[in-house]
Protein chains: 2
Amino acid sequence: MSITETNTPRIRRTPEESRANILSAAESLLVEHGPQSLRLADVAKAAGVANATVLHHFGSIGAVHTALMERMIADLVEAIMAVDVPADAPAEARAVGLKTLFDALESRGAARLAAWLELTDETSRLTVVRAAVQEVAQKKISNTGVPTEMAEDLILLSVTLAIGVGLFGPSLSTLIGKPPERARELTLQMLLSYLQQLSA
Amino acid sequence: MSITETNTPRIRRTPEESRANILSAAESLLVEHGPQSLRLADVAKAAGVANATVLHHFGSIGAVHTALMERMIADLVEAIMAVDVPADAPAEARAVGLKTLFDALESRGAARLAAWLELTDETSRLTVVRAAVQEVAQKKISNTGVPTEMAEDLILLSVTLAIGVGLFGPSLSTLIGKPPERARELTLQMLLSYLQQLSA
DNA sequence: TCTGTTATTGACATTTTTGTCAGTAGTACT
DNA sequence: AGTACTACTGACAAAAATGTCAATAACAGA
């Protein structure tokens, strides 16, 4: 028994750090390989910890999924809250705002998150989304000069298109032999032109 | 041993019928509960057959997934091929065509299929999609009067929006407190208005 | 330096999911 | 009827995924 034991050096983090580390790893997996890759072993491996560590901090793999959804939604809300698409401002400002919105919903796997939520059955998770939507809608709608009804419609339209384009745009563009950002360009162009026409 | 054996009456189908029966059941599961519900036991139960029967016809659950994707893509291609959105015809005809396109991509879980493909890693499956796109694009683009480049862009735009709206439209509309078809209405309205403007 | 706390882990147990196989039972054909 | 073919099935085996537990090891505070 003279074989020297290769004690694996342990990294000890605070619970918050550890949770964040695991969730970040899981987020990468989600974005790069899809929801079906969020298995316990895979998440643990990506985070560089043992399976049991993941369970120690979250209790179950399902809880990891929920926490990841919540974290990504929170990030997304924050990103969207930072965007301003003034309906009554000059076209130039609107264009910038919309572009930022599309960026926010395409990058960071936000579209992936949305698709995951959409395809996932469990309605319990919808409450989180609902809360986020409330938060965004409330702030966004109040600070425009247009009537509430129309503001809601415009937001619904913009967000739906942004998420849809964020998820499918790159693939479809590539499939038809165009640069991946083509669908987004076309959509933004149309959306801006439409808004301009409305305000005329 | 006087217990009367309750022989389960067997249904014997042709291989084609059996495969179709299983795939239909799987499709329902996909549309109603998402890809994660496409487990062997669930598919078999939904189809009303034993697990082993599914494997007898497909070999593995993965093969069922592939076959389902291929069948749904084929159906989708057929549906799209039947649509005609003449770029040079009166606005009325265009509106009808686009509406049909949106219907085709929202119903039957086409949007669910697209999201599933998008979230699924395996690139091998992309070849099927690529072939389908080639088929549709080739026919669709040649029979319009507009330049190829622009026709491609318009198709890319329409299809991207249709799939995006088909997947996210109903949920987002509902979340913001509107009827589920609202996002689609808004998108169609904008798209038509934009096309009209282009041709002017 | 000692001690309490707890994040971490490997080994193991449990559950879930997939796949195998030999036998059963419809159906067509003789 | 009898027979060949094979769709079909239950029972079982294998694999994969999740979860449990007791022991270990960082680290803070005494």
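The analysis underlying the following values was restricted to heavy atoms, covering all of them including side chains, and did not include hydrogens, waters or symmetry mates.
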Separation of [N] [atom2] from [X] [atom1] (nearest whole Å):
X     : N      : atom1 : atom2 : value
B/F58 : C/dG19 : CZ    : P     : 13 Å
B/K45 : C/dT18 : NZ    : P     : 14 Å
B/L55 : C/dG19 : CG    : P     : 6 Å

Are B/D84 and B/R94 within salt-bridge range, i.e. N to O under 4.0 Å?
no
By side chain to side chain donor-acceptor pair (under 3.5 Å) - contacts of B/S24 (at least two apart):
B/R71
When you look at CD of B/E78, are more than 12 heavy atoms from neighbouring residues, nucleotides or ligands closer to it than 6.0 Å?
no
Encode nucleotides 3-17 of chain D as B, S and - characters from 5' to 3', where the letter depends on protein heavy atoms closer than 4.0 Å: B to the base, S only to sugar-phosphate, - to neither.
---BBBBB------S
Hey, could you give me the CD/CD1 distance between B/E135 and B/I80, rounded to the nearest 0.5 Å?
10.0 Å
With side-chain hydrogen bond (donor to acceptor under 3.5 Å, both in side chains) as the rule and sequence neighbours excluded, what pairs involving residues 37-46 of chain B come up?
B/R39-B/D42
Residues passing the side-chain contact (heavy atoms from CB on, under 4.5 Å) test with A/T100, sequence neighbours excluded, are A/V83, A/V96
N/O donor-acceptor pairs under 3.5 Å from side chains in residues 191-200 of chain A, not counting sequence neighbours:
unit_1 : atom_1 : unit_2 : atom_2 : d
A/S193 : OG     : B/Q197 : OE1    : 3.4
A/S193 : OG     : B/Q197 : NE2    : 3.4
A/Y194 : OH     : B/Q189 : NE2    : 3.0
A/Q197 : OE1    : B/S193 : OG     : 3.3
A/Q197 : NE2    : B/S193 : OG     : 3.4
A/S199 : OG     : A/L195 : O      : 3.3
A/S199 : OG     : A/Q196 : O      : 3.0

Without hydrogens or angle criteria, can the side chains of A/E118 and B/S171 be said to hold a donor-acceptor pair below 3.5 Å?
yes
Axis bend over the full length of the helix from C/dT1-D/dA30 to C/dT30-D/dA1, computed from five pairs that close each end, to 10 degrees:
10°
